[in-house]
Protein chains: 2
Amino acid sequence: MAMIETPRSQYGQIAELLLRRIEDGTYPAGSPLPSEDRLADELGVSRVTVNRAVGLLRIAGHVKVKRGSGTLVRALPMIHRDAKARYAARAQGTGAGDVEARFHNLQSKTVYRRIAETPAPEDVAETLGIKKDQPTLIRSRVLYANDEPTQIADSYIPWTIAEKSPELLNENAGPGGSYERLADIGHGPARFTEDVTVRMPTDEEQRVLELEPTQPVFQIWHVAYDGKDRPVEVTVHVMPGYLWKLRYGWDE
Amino acid sequence: MAMIETPRSQYGQIAELLLRRIEDGTYPAGSPLPSEDRLADELGVSRVTVNRAVGLLRIAGHVKVKRGSGTLVRALPMIHRDAKARYAARAQGTGAGDVEARFHNLQSKTVYRRIAETPAPEDVAETLGIKKDQPTLIRSRVLYANDEPTQIADSYIPWTIAEKSPELLNENAGPGGSYERLADIGHGPARFTEDVTVRMPTDEEQRVLELEPTQPVFQIWHVAYDGKDRPVEVTVHVMPGYLWKLRYGWDE
DNA sequence: CAGTGGTCTAGACCACCAC
DNA sequence: TGGTGGTCTAGACCACTGC
């Protein structure tokens, strides 16, 4: 990371200094950084410059600001998500998305925000091969690890399919989860695709995921196809970029 | 994106305003934004505030600053990368990584930076199951589309394998590319994994990819295993986040 | 040389938090 | 109420570009 010694900006160098101190334990995980005023004094620069340096650390997810209180060093470790393995585990009855959390010995929590019939947004409709605003079942939830939000997951199922399995309207869709319910009614997923992008969070995502306008998020556009290759479910995952490592694998 | 009407920061609102103007064609792709001084005048704010607003657009990749000259609206469209398809195409003789570029009618270019024997970095060594600093063949290249850098790709092959196929030392490794050469010597790739992360670019990546310190990059840690499930190649792809959509798919 | 963005400062006011 | 970070300003100096 460190280079020969370009005439770097002060805020860039200060960010590096603070990062070194985080990594060598001067500022341990979970502890607060010194206040920006104090750092400005110590380093002989204005607070604006310190603020900008801290901004770099925030973008990268190294620290998290508690408004009015202070700036804390990130506590959560990076979470691994193995696309294939997680759905395999799910098929064996493991609950939704706490596969990853358990692996890391984190306490997992899922909060459902909304389970209801809703008109399909345009992009979802296109993926599902139905018309915009045709009815779908939405299952929208937020996942937490150690009480910190780790992802938003919004699933959409065409209503003509979903209505055949009333259990899909429950938070707990029963043994094996919603994919097993789809299997019950002859639409068990046989093939998946995921499109991964990075982007800046929307205002809502900033609020829910406790992110800042400058912190990039992963978006995973997950599509499940049944045995006749008909798209039967779309799930949009939005997750803080610094928090996740996504694993994919294939043969041949 | 837009919400009820939170008391948003000025720079945030200005960023939204500028983005609207980009999207509605007021500032077309490839054209310059008005200077920050002019915008500050027009909007009745200080230049620092405009600078900060433009900073948000830069992070998201909507504009690109030409130092000393001006700020341009991004011209390149998003590039799709289908992990499975690209290696399939490669096996049929298509050159390295211009699969995606061709799809988008972009002019593609590959510049090799280094093809040489080199000691394995620690993380590469760990993946390849060899010891740190044991010799590997590195093939390091930068890919461009329409003369803009789109990715850095550094491939490592254990030297004990690579030395059996001298063509791997050529920029053009022959028909079918380097994977065919590995097949020639009994190490044809049979299985792949990719680990995807987002992070901030290093100084070198900023320079090569013409990025700014705040623009996130995708890192793809690509590993090829031969028929005996021995790791025979690691490729690290680093690419501007705003530029790519990564597609993965699997059955069952 | 003039125009552009990059950075820095000192000072200010605000919203939010904990006490 | 005092401490924290969020934001804004006016003014300044710099490096780089293109003429």
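Order of the sequence lines sets the chain letters (A, B, ...), proteins ahead of strands, with each chain counted from 1.
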Test side-chain hydrogen bond (donor to acceptor under 3.5 Å, both in side chains), reference B:Trp221, set B:Thr127, B:Thr235, B:Thr197, output is B:Thr127
Does B:Tyr11 place a side-chain N or O at less than 4.0 Å from the phosphate oxygens OP1/OP2 of D:dC8?
no
For B:Arg38, which residues count as a salt bridge (charged side-chain N to carboxylate O under 4.0 Å, His left out) partner, sequence neighbours excluded?
none
So what does B:Val45 touch, heavy atoms closer than 4.0 Å: a base, only the sugar-phosphate, or nothing?
sugar-phosphate
Rounded to whole Å, how long is the line connecting atom NZ of A:Lys64 with atom P of C:dC16?
18 Å
Please tell me if B:Asn51 has a side-chain N or O lying less than 4.0 Å from either OP1 or OP2 of C:dT7.
no
Counting only side-chain nitrogens and oxygens, does B:Ser35 get under 4.0 Å of the OP1 or OP2 atom of C:dG3?
no
Between A:His237 and A:His222, what is the ring plane arrangement, given parallel below 30°, perpendicular above 60°, and tilted in between?
perpendicular
Integer-rounded Å distance: C:dG6 P and A:Ile14 CD1
18 Å
side-chain contact (heavy atoms from CB on, under 4.5 Å) partner of A:Gln219, chosen from A:Ile152, A:Val196, A:Val236, A:Val198:
A:Val236
Specify the angle, to 10°, made by the local axes at the two ends of the helix from C:dC1-D:dG18 to C:dA18-D:dT1 when five pairs are taken at each end.
10°
Is there a donor-acceptor contact under 3.5 Å linking the side chains of B:Ser9 and B:Arg52?
no
Between A:Ser69 and C:dC17, does any side-chain N or O lie under 4.0 Å from OP1 or OP2?
no
Is any side-chain nitrogen or oxygen of A:Arg52 closer than 4.0 Å to OP1 or OP2 of C:dT7?
yes
What distance separates A:Leu18 CG from A:Leu43 CG, expressed to the nearest 0.5 Å?
7.0 Å
Whole-Å distance, B:Asp41 CG to D:dT9 P, equals 12 Å
May I ask you to evaluate whether B:Thr49 reaches the phosphate of D:dT9, defined as a side-chain N or O under 4.0 Å from OP1 or OP2?
yes
Name the nucleic acid region contacted by A:Val65, choosing base, sugar-phosphate or nothing; use a 4.0 angstrom heavy-atom cut-off, strictly under.
sugar-phosphate
To the nearest Å, how far apart are A:Gln10 CD and D:dA15 P?
14 Å
Neighbour count above 12 (heavy atom, 6.0 Å) for A:Glu42 CD
yes
Atom-pair distance (CG on B:Asp37; P on D:dG11), nearest Å:
13 Å
Roughly how many Å is it from NZ in A:Lys66 to C1' in C:dC17, rounded to a whole number?
12 Å
What is the distance, to the nearest angstrom, from the CD atom on A:Gln13 to the P atom on C:dG6?
18 Å
Tell me whether the side-chain N/O atoms of A:Ser46 come closer than 4.0 Å to OP1 or OP2 in C:dC8.
no
A:Arg38 vs D:dG3: side-chain N/O to OP1/OP2 distance below 4.0 Å:
no
Is any side-chain heavy atom of B:Asp147 less than 4.5 Å from a side-chain heavy atom of B:Lys109?
yes
A:Gly12 or B:Gly70: which one's nearest nucleotide on DNA chain C is closer to the 5' end?
B:Gly70
Can you find an N or O donor on one side and an acceptor on the other, under 3.5 Å apart, linking the side chain of B:Arg47 with the base of C:dG6?
yes
Pairwise 5' ranking along DNA chain D for A:Glu36 and B:Arg67, keeping only the more 5' one
A:Glu36
Winner on side-chain proximity to A:Ser9, out of C:dA10, C:dC8, D:dT9, is C:dC8
Which whole-number value in Å describes the distance from A:Leu39 CG to C:dC8 P?
15 Å
